[in-house]
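All of these numbers come straight from a predicted model, not from anything done at the bench.
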Amino acid sequence: MKYSYKLILALCIIGLFSGCTIEEDDTPADAIDQLTITGRIIDHNNQPVKNIPVVFYFYRGAYIVSCNRKKATSKTDENGIYKFTIFRKTDENNDGLEQYYYLYPDLDDKKYFTRATYFRDIDAFWTDRYHVVSDYILWEAQYVKVFANTKPEGAEYYDIECEFEKPVYNYGKYYSSRNYNINITPYTTNFQVPLHQDLKFTMTWDDKYKRTVFVKKDNLPKQIDLSYIPE
């Protein structure tokens with residue numbers, strides 16, 4: 001029994017110094033304030049999406065240990081609307097550490113584009129009693145294999161770009177990282193791209209040789225061949 005206790009204690013200490021994340025459910029027991037936050041989730045046709053779980057968190061970063069506190073959970077109704085009652089704790093303030101609130105739909109990020117909505121100024125966040133968040137467009141997503149079996153002779157690097165018909169959150173275009181290691185073919189990468197959009201895939205070598213493939217809406221293949229074709 002003593003051995004187990006010491007082992008657990010040692011693991012906890014190791015976790016602290018490795019910057020572990022602590023998640024804890026929030027309660028109003030020591031709350032100093034409260035407010036309401038609401039928003040709506042819609043699909044690509046501007047139709048409400050029901051039964052989507054949404055989570056609201058408080059995050060505080062520190063050198064030794066970070067805190068990721070689950071503040072509240074909700075689920076969208078028939079009109080795609082979610083609603084939280086948020087309670088503030090004494091340690092949720094702008095005290096110089098990296099601290100903010102965020103919410104996001106708790107969904108499979110392989111099937112959907114998921115991104116958080118952030119509230120970074122904590123004190124300003126609490127000046128309003130009722131927050132209405134901008135509509136969240138839930139984009140279905142799919143991974144596609146993008147490859148090139150051939151390249152221009154002597155090419156030293158390449159870029160791959162997928163341009164969207166409509167922005168997806170803060171993405172107008174989605175880029176891969178520039179790659180200088182192209183001595184081995186084929187070159188392959190996996191893109192997560194939105195469904196229900198026209199897409200344009202472009203491979204560029206040395207900023208001058210290009211190969212482009214257009215994909216029509218809802219006709220996304222499992223792979224895109226961007227192999228170089230000499231003129």
Measure from the side-chain N and O atoms of [X] to the backbone N and O of [Y], and report whether any donor-acceptor pair falls under 3.5 Å.
X	Y	value
Glu156	Asp206	no
Thr85	Thr36	no
Arg211	Ser227	yes
Thr150	Tyr228	yes

Non-hydrogen side-chain atoms of [X] and [Y] separated by less than 4.5 Å:
X	Y	value
Phe56	Tyr82	no
Phe87	Lys89	no
Leu103	Tyr136	no
Phe201	Val193	yes
Val213	Asp225	no
Val132	Thr38	yes
Tyr104	Val54	no
Glu92	Ile32	no

#### Entry: Arg60 to Asp91 - nearest heavy-atom pair and separation
NH1-OD2, 3.0 Å

## Note on the structure
For Ile52 and Pro105 the tightest heavy-atom approach is CG2-CB, 3.9 Å

### Query
Pick from Lys217, Lys166, Lys216: which one makes a salt bridge (charged side-chain N to carboxylate O under 4.0 Å, His left out) with Asp198?
Lys216

Which pairs of donor and acceptor atoms, one on a side chain in residues 106-119, lie under 3.5 Å apart (sequence neighbours left out)?
unit_1, atom_1, unit_2, atom_2, d
Asp108, OD1, Lys110, N, 2.9
Arg115, NH1, Thr117, OG1, 3.2

### Task
Could you label the plane-to-plane angle of the Tyr102 and Tyr57 rings as parallel, tilted or perpendicular, counting under 30° as parallel and over 60° as perpendicular?
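Ring orientation, 0 to 90° scale: parallel.
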
### Task
Run the numbers on Arg129 and Asp33 for salt bridge (charged side-chain N to carboxylate O under 4.0 Å, His left out), then give the verdict.
CA-CA 10 Å; Arg129 299 296 87 197; Asp33 207 346; 2.7 Å; yes

### Criterion side chain to side chain donor-acceptor pair (under 3.5 Å) against Arg40, the qualifying member of Asp77, Asp135, Thr76
Asp135

#### Entry: Gap between atom OH of Tyr100 and atom CZ of Phe58 - 0.5 Å precision
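So the CZ of Phe58 and the OH of Tyr100 are separated by 10.0 Å.
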
### Task
Kindly compute the distance separating CD (Glu163) from NZ (Lys200), expressed to the nearest 0.5 Å.
4.5 Å

### Query
Do His131 and Phe125 make the cut of ring centroids closer than 6.0 angstrom?
yes

### Task
Using the side chain to side chain donor-acceptor pair (under 3.5 Å) rule, collect all pairs that involve residues 137-148, keeping only residues at least two apart or in two chains.
Glu140-His196

